[in-house]
Amino acid sequence: MTDFPGSPDSAARERDAAESASAFAHPAVAPDRTAAYGDHPDQVVDFYAPRDGRTGAPLVVLLHGGAWRSPYDRAHVSPLADFLARRGFAVANVEYRRGGDDIPRQRDGAEPGAGSVGPVAGRWPETFDDVSAALDAMPALASRELPGADVRRIVVSGHSAGGHLALWAAARHVLPEGSPWRLPAPPSLRGVVALAPIADFATAVGLGVCGGAVTQLLGGEAGSVLGGDAGAVLDGGAGSVLGGDAGAVLDSDAGSALGGDAVAVERAAHADPGVLLPTGIATAIVHGVEDIVVPPAVSEAYVDAAARSGETVGLTLLGGVGHFPLIDPSADACAVVAEELAQLAW
């Protein structure tokens, strides 16, 4: 749920609760194979073979959501992985390290438990270390574990925080010089399909998405991002918060946009898809109009930023749909997701 000003009414919250219950009601689906891409227990990938036995199937690399927090793991999107496998895709469901109760703040010298309620969002830099390592290892891993997969046709997809990571994974070649995750050339991807992604940090912070998850991920002080005005995006739009440029977080207004927090400013340069543009990678976003967890304004801000960079990003807004039907195999929205993947993969 969100906690931004003008928060959703009871009907919207009831819809969200029902959609969430439906998405999480499906039992986890066991993978066909599991392989490690590192030594940590979370550095694993579950592989699902296309159910019709076809060879040469495109590979969907799936990154789960959950606000980069440890209570949510890849199991909750395993029904989606199975759904896609039944549609003829090979699927790699990636686990990665998330934030937990042991690191409530992402700052050097922070005391565990200080100023935090529940698990922190993300592990810096481990979350990004893992996603980059998994993607780098994917062609070899998939070729070994799913011989029927065509690793020349990889589409990266992710939901919510995983949608952020999918967009980020496709932008590693435009990371700042010296970034440990920077690639020398664009990744070999057919494209990205991001589902209700936390795609633009300035807008997400202004809307209070996922209880300040972006601020936590960047190691910022609570309420410091966007000058401590969590309602500014709603009141005046992302453009007014950032001096008329929703993509200006890292330009001359970076200090004011991030409340003068040097750590958060520096990390945003390496983590915010909204400033890592253009990518040159075909990108599509699917977002529910009724989403109160990650409001569609977050995706719209990313699409606008891409347009300013000279890049077109496809945005499909689904009426009457909230946050969770995009990963719910029993929902019509899931068929839309499969179609968007197919358009890039085949």
Side-chain angles (χ1 to χ4, degrees), residues 23 26 29 31-32 45-65 74 76-94 131 134-135 138-139 141-142 146 148-171 186-197 199 273 279-288 291 294 299 302-303 306 312-318 321 323-346:
H26 302 281
V29 179
D32 298 303
V45 182
D46 289 340
F47 289 97
Y48 297 78
R51 300 311 187 206
D52 58 7
R54 73 177 67 188
T55 58
L59 178 66
V60 175
V61 177
L62 185 60
L63 296 160
H64 70 82
R74 68 194 186 282
H76 81 270
V77 294
S78 64
L80 172 61
D82 179 67
F83 174 85
L84 295 174
R86 294 180 185 281
R87 292 293 187 107
F89 295 99
V91 183
N93 188 10
V94 178
V131 172
L135 268 293
M138 192 57 65
L141 282 180
L146 292 181
D150 184 352
V151 296
R152 299 168 301 177
R153 292 191 290 165
I154 296 177
V155 179
V156 180
S157 187
H159 178 243
S160 195
H164 156 263
L165 293 171
L167 294 170
W168 179 85
S188 297
L189 302 174
R190 292 296 293 266
V192 178
V193 177
L195 314 176
T279 67
I281 303 292
T283 301
I285 294 176
V286 183
H287 214 127
D291 193 334
V294 181
S299 284
Y302 177 84
V303 171
T312 299
V313 170
L315 175 60
T316 299
L317 294 172
L318 301 180
V321 171
H323 192 64
F324 295 101
L326 303 178
I327 60 169
D328 183 353
S330 67
D332 292 341
C334 224
V336 176
V337 170
E339 179 57 31
E340 291 289 342
L341 289 164
Q343 288 184 18
L344 291 179
W346 273 292

Contact summary for Ser299 and Ile285, nearest pair of heavy atoms: OG-CG2, 3.4 Å
Whether Tyr48 side chain and Val29 backbone form a donor-acceptor pair below 3.5 Å: yes
Sub-4.5 Å side-chain heavy-atom contact between Gln343 and Val155: no
Side chain to side chain contact (heavy atoms under 4.5 Å, CB included) involving Pro187 - partner list, sequence neighbours excluded: His173, Leu183, Leu189, Ile281
4.5 Å side-chain heavy-atom contact, Arg152 and Ser188: no
Side chain to side chain contact (heavy atoms under 4.5 Å, CB included) evaluation trace for Leu326 with His287: CA-CA 8 Å; Leu326 303 178; His287 214 127; 5.6 Å; no
Reported CZ-to-CZ distance for the pair Arg153 and Phe89, which is rounded to 0.5 angstrom: 9.5 Å
Point-to-point distance, once rounded to the nearest 0.5 Å, from OG of Ser160 to CG of Leu63: 12.0 Å
Validation row: Cys334, Phe83 side chains within 4.5 angstrom (heavy atoms): yes
Separation of Leu315 CG from Thr283 OG1 (nearest 0.5 Å): 12.0 Å
CZ on Arg190 to CG on Leu59, rounded to 0.5 Å: 12.5 Å
Distance-only polar pair, side chains of Asp328 and His26, donor-acceptor under 3.5 Å: yes
Non-hydrogen side-chain atoms of Leu195 and Ser157 separated by less than 4.5 Å: yes
Point-to-point distance, once rounded to the nearest 0.5 Å, from CG of Leu80 to CG of Asn93: 8.0 Å
Partners meeting salt bridge (charged side-chain N to carboxylate O under 4.0 Å, His left out) with Asp46 (sequence neighbours left out): Arg74
Side chain to side chain, Pro31 and Ser78, heavy atoms closer than 4.5 Å: no
Parallel, tilted or perpendicular: rings of His76 and His64 (30°, 60°): perpendicular
Shortest non-hydrogen contact between Pro325 and Ala333, atoms and distance: O-CB, 3.8 Å
Evaluation steps, side chain to side chain contact (heavy atoms under 4.5 Å, CB included), between Val94 and Met138: CA-CA 10 Å; Val94 178; Met138 192 57 65; 4.0 Å; yes
Heavy atoms from other residues, nucleotides or ligands near CZ of Arg54 exceed 12 (cutoff 6.0 Å): yes
Minimum-distance pair of heavy atoms, taken over all atoms of Ala170 and Thr279: O-CB, 3.8 Å
Closest non-hydrogen atom pair between Ala345 and Pro58, with its separation: CB-CB, 3.5 Å
Interatomic distance, Asp52 atom CG to Arg86 atom CZ [nearest 0.5 angstrom]: 11.0 Å
Minimum heavy-atom distance Ala194-Gly163, with the two atoms named: CB-O, 4.1 Å
Nearest heavy atoms of Val91 and Ala85, plus distance in Å: CG2-N, 4.0 Å
